Amino acid sequence: MKNLLAFLNPDQLQAVTHRGSPLLVLAGAGTGKTRVVTVRIAHLLDRGECQPQEILAITFTNKAAGEMRERVNGLLGGEEVRGTAARIWIHTFHAFCARLLRREIHHLPEREREFVIATKADQTAILKRLIGPDRANEEPKASRVLSVISRAKNNLITPGSFPAHTSEEKRIKELFAAYEQELRETGALDYADLILLTVTLFHEYPDILDRYRGRFRHLLVDEYQDTNTAQHDLVRMLAGDGRNLCLVGDPDQSIYRWRGAEPENMLRFSEEFPDTRVVKLLENYRSTGNILKVANTLIAANPRPMGEDKDLWTKGESGAKLTVYAGPDEYDESGWIATQIFNSVHNRRENKYEDFAILYRTNAQSRILEDALRKRSIPYNIIADVRFYDRREIRDLLAYLRLLINPNDLLSFRRIVNVPSRGVGKISVNRILDEVDKDPGHLPDVVRRCIDQELIPPRARRAVERLMDLFDELTTRGGGVDGLLEELLERIDYTSWLQKSNDAVSRLENVEKFTDTARDFATANPKGSLEDFLEEVSLAAPIDDFDEQAGSVSLLTLHAAKGLEFPVVFISGLEEGLIPLTGRRGKRQADIEEERRLLYVGITRAQYKVYLTRALRRNLEGRKVYNKPSRFLSELPDPLLEDLSMRNLSIMSTTEDLIAVETETKKIKQTAKSVSFQLGDRVWHDKWGRGIILSRAGDGPNLKLTVKFARHGIKKLVAKYANLQKM
DNA sequence: CTTTCGCATATTTTT
DNA sequence: TATGCGAAAG
């Protein structure tokens with residue numbers, strides 16, 4: 001057995017070995033916090049303080065969970081303990097609760113044993129339907145309602161206790177209630193439910209809580225700054241007196257407030273458990289001194305809830321300055337980034353492609369970057385820009401699979417009853433849904449009754465009947481998830497239906513990817529059920545399938561970059577409006593602070609070199625916008641930055657200058673256009689209105705036109721001054 | 001019932 | 001730009 005503690009600094013050592021009271025580890029970026037968690041687990045086992053199955057470790061993503069399992073095994077070494085990590089519960093909050101609820105949810109009144117997890121897309125779909133199309137303009141938008149509802153649920157608020165003073169709040173309250181009912185009827189749980197119901201269960205049934213408390217003697221939670229109140233309550237319940245609790249996090253890296261995260265939970269913890277030991281990790285092992293100085297300066301502009309003495313430091317070298325670059329537009333910016341990478345790899349041979357990461361604020365920014373890399377044949381690896389499982393084709397297949405588990409899933413039924421189109425129209429579907437409304441019993445029974453009582457036209461009737469038969473057959477079918485999916489695809493002839501759609505190629509690719517996922521799952525979990533598969537799929541994060549592929553540049557959002565590190569990091573789009581991202585009604589101070597943390601997270605991903613790039617002009621929603629440099633750039637210490645922007649841009653890099661240039665160009669273009677007037681062209685003049693060109697004389701700027709105007713007769717004009725427009 | 005077209009509309013991050 | 005939705009045509 002290795003000496004687990006040999007390479008730890010005194011602070012880390014304390015965090016690993018402290019016992020007997022709650023432990024709060026405030027670990028800055030790159031200070032080895034994951035290492036502390038894994039070594040702590042290994043240490044517990046090594047010293048025989050508990051059995052593997054008595055440990056519960058909560059991570060932020062499935063990917064982090066997988067890595068932690070591997071690392072624990074790696075630390076424990078030796079044959080006899082290999083596989084030990086498999087018996088430790090290492091999960092995300094959601095995966096943990098989903099597993100627990102699968103066993104225990106039947107204790108709760110009126111809850112089905114089988115449930116599916118409603119993804120974001122499902123949730124939005126429900127709300128959109130509840131709001132209705134006719135009111136779409138005046139009502140609060142579905143996405144906003146959803147975020148209000150999720151926030152409420154995360155704070156353990158029910159539709160009953162939802163405070164409604166304004167008329168909008170009253171409307172949301174209604175929608176909230178209807179949304180909850182819909183979820184319940186379809187046997188679905190949303191993300192908040194997974195936590196909420198677990199908390200409720202523990203609250204209502206103390207004996208169940210006791211059972212789990214007894215079982216998990218050691219509880220560790222990583223990335224605690226991004227937990228919400230419901231999760232915090234869950235931890236408090238499971239932790240009991242908190243003696244064996246270890247929380248790790250960094251309030252400066254809290255970037256999920258918008259999703260309900262409450263970094264204050266960390267502060268509150270020391271009050272709730274007064275004997276909490278707080279350990280701060282500030283020695284950074286990742287980045288150069290200059291990178292840390294810049295990051296420290298940036299984050300110092302935020303209030304520091306955990307105290308002022310939180311600057312990261314390193315024994316290592318200062319390293320290179322950070323490089324700033326501004327290009328005329330996003331094509332230039334992307335091209336410049338790609339060129340830096342290309343030169344570094346090919347000409348200077350300093351780095352390999354996998355050393356680079358390009359970070360951006362919004363997924364939409366990735367396309368131009370991809371183009372630039374592809375142009376130079378630079379291999380890259382990107383985290384899906386649209387959530388893969390939100391793709392229409394994937395959601396269709398998921399709907400089929402869900403119906404196999406929960407035939408009452410009305411949402412899924414509605415989705416696929418006529419997909420692929422099998423001749424069941426709106427009218428037939430509504431007829432069936434009406435029946436379900438009247439008698440919300442077992443969905444297949446109701447559907448069968450519609451068929452038997454000939455409530456729908458013959459063609460549709462036969463189609464629905466065949467669909468129901470298909471479900472019966474597939475439900476009784478044994479075998480793995482992969483086989484099931486393949487049979488399903490064949491039986492509904494899904495691929496040939498997709499052939500006909502617009503972007504058949506990418507859709508078919510997605511279906512291919514999905515069957516691959518199923519196959520991988522079946523290989524990894526030979527005994528895995530369809531429920532297990534759907535659970536994994538619903539709780540997957542885009543980052544989970546992201547392996548830092550050998551030989552590829554990584555493209556990802558700043559959010560997705562959390563927890564990762566790269567030798568060289570480019571952060572693209574350092575512009576007001578993008579970083580910080582501001583919507584139409586602007587941002588409040590608290591939002592700006594979160595944006596600042598986001599940039600802080602981005603900068604601290606880098607080991608040796610950071611590039612901060614921006615574009616003076618950028619296409620946004622089909623429009624050109626001129627963004628000022630990000631306010632965060634001016635917060636950074638100048639001596640630690642070098643500006644490689646082209647000289648002419650540095651000279652006239654104000655937005656006003658650029659607009660002036662644009663306007664001039666436009667004028668020139670207009671003049672050029674007027675030169676191209678031909679005989680017979682129909683034109684428009686601001687004063688004389690419609691006209692037609694009769695003759696032309698002269699060239700270029702001297703071009704003279706004879707125009708016959710509809711209302712004002714024949715005029716001779718000098719094209720340059722006339723400002724004629726073609727009609 | 002299915003397909004296609006045109007119009008409107010736009011926050012972003014994701015368990 | 002790109003997407004999605006609803007109405008009209010097929």
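When reading the values below, keep in mind they use all heavy atoms of this one structure, side chains included, and skip hydrogens, waters and symmetry mates. Here the structure is a predicted model, which means the values were calculated and not measured.
- A/Phe269 and A/His232 have perpendicular rings, their planes meeting at more than 60° on a 0 to 90° scale where under 30° would count as parallel.
- On a pure distance criterion of 3.5 Å, no polar donor-acceptor pair joins the side chain of A/Arg259 and the base of B/dT13.
- For A/Tyr256, the ring pair (Phe, Tyr, Trp, His ring centres under 6.0 Å) partners are A/Phe60, A/Trp258, A/His559, not counting sequence neighbours.
- The nearest whole Å value for the distance from the CD1 atom in A/Ile579 to the P atom in B/dT11 is 19 Å.
- Here A/Tyr256 lies in heavy-atom contact (under 4.0 Å) with sugar-phosphate atoms only.
- The CD1-P distance, from A/Ile255 to B/dT11, rounds to 21 Å in whole Å.
- Atom CZ in A/Arg623 sits about 15 Å away from atom P in C/dA2, given to the nearest Å.
- Residue A/His559 has its side chain nearest to B/dT14 when only B/dT14, B/dA10, C/dA2 are considered.
- Taking A/Trp89 as the reference, A/His91, A/Phe96, A/Phe216 meet the ring pair (Phe, Tyr, Trp, His ring centres under 6.0 Å) condition, with sequence neighbours excluded.
- The side chain of A/Leu581 approaches B/dT12 more closely than any other nucleotide in the set B/dT12, B/dA10, B/dT14.
- Going from atom CD1 of A/Ile368 over to atom C1' of C/dA2 covers 13 Å, rounded to whole Å.
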### A/Ile117 and A/Leu194: CA distance, side-chain angles, deciding distance, side chain to side chain contact (heavy atoms under 4.5 Å, CB included) verdict
CA-CA 8 Å; A/Ile117 298 165; A/Leu194 291 172; 4.2 Å; yes
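- Where stacking is scored as ring centres under 5.5 Å apart with planes under 30°, A/Trp258 does not register as stacked on the base of B/dT12.
- Here the P atom of nucleotide C/dT1 and the CG atom of A/Asp371 are 13 Å apart, to the nearest Å.
- Taking the P atom of each, B/dT12 and C/dC5 are spaced 15 Å apart, rounded to whole Å.
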Collect all protein-nucleotide pairs involving nucleotides 1-4 of chain B in which both atoms are nitrogen or oxygen and the distance is under 3.5 Å.
residue : atom : partner  : partner atom : Å
B/dC1   : OP1  : A/Gly425 : N            : 2.4
B/dT2   : OP1  : A/Gly423 : N            : 2.7
B/dT2   : OP2  : A/Asn418 : ND2          : 3.0

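- Separating the NZ atom of A/Lys120 from the P atom of B/dT12 is a distance of 10 Å, rounded to the nearest angstrom.
- Atom P of nucleotide B/dT11 and atom CG of A/Asn627 are separated by 17 Å, given to the nearest angstrom.
- When each of A/Arg392 and A/Gly622 is assigned the nucleotide of DNA chain C with its nearest heavy atom, A/Gly622 is the one assigned upstream, toward the 5' end.
- Sequence order on DNA chain B of the closest nucleotides to A/Thr362 and A/Phe93 puts A/Thr362 first from the 5' end.
- Rounded to an integer number of Å, the gap from CD of A/Glu621 to P of B/dT12 is 8 Å.
- Every residue meeting the side-chain contact (heavy atoms from CB on, under 4.5 Å) condition with A/Val37, not counting sequence neighbours, appears here in chain and number order: A/Ile41, A/Met68, A/Leu220, A/Val248.
- Taking the side chain to side chain donor-acceptor pair (under 3.5 Å) definition, one finds that A/Arg374 meets it with A/Asp371, A/Tyr380, sequence neighbours left out.
- Residues that satisfy the side-chain contact (heavy atoms from CB on, under 4.5 Å) test with A/Arg414, not counting sequence neighbours, are A/Arg129, A/Leu433.
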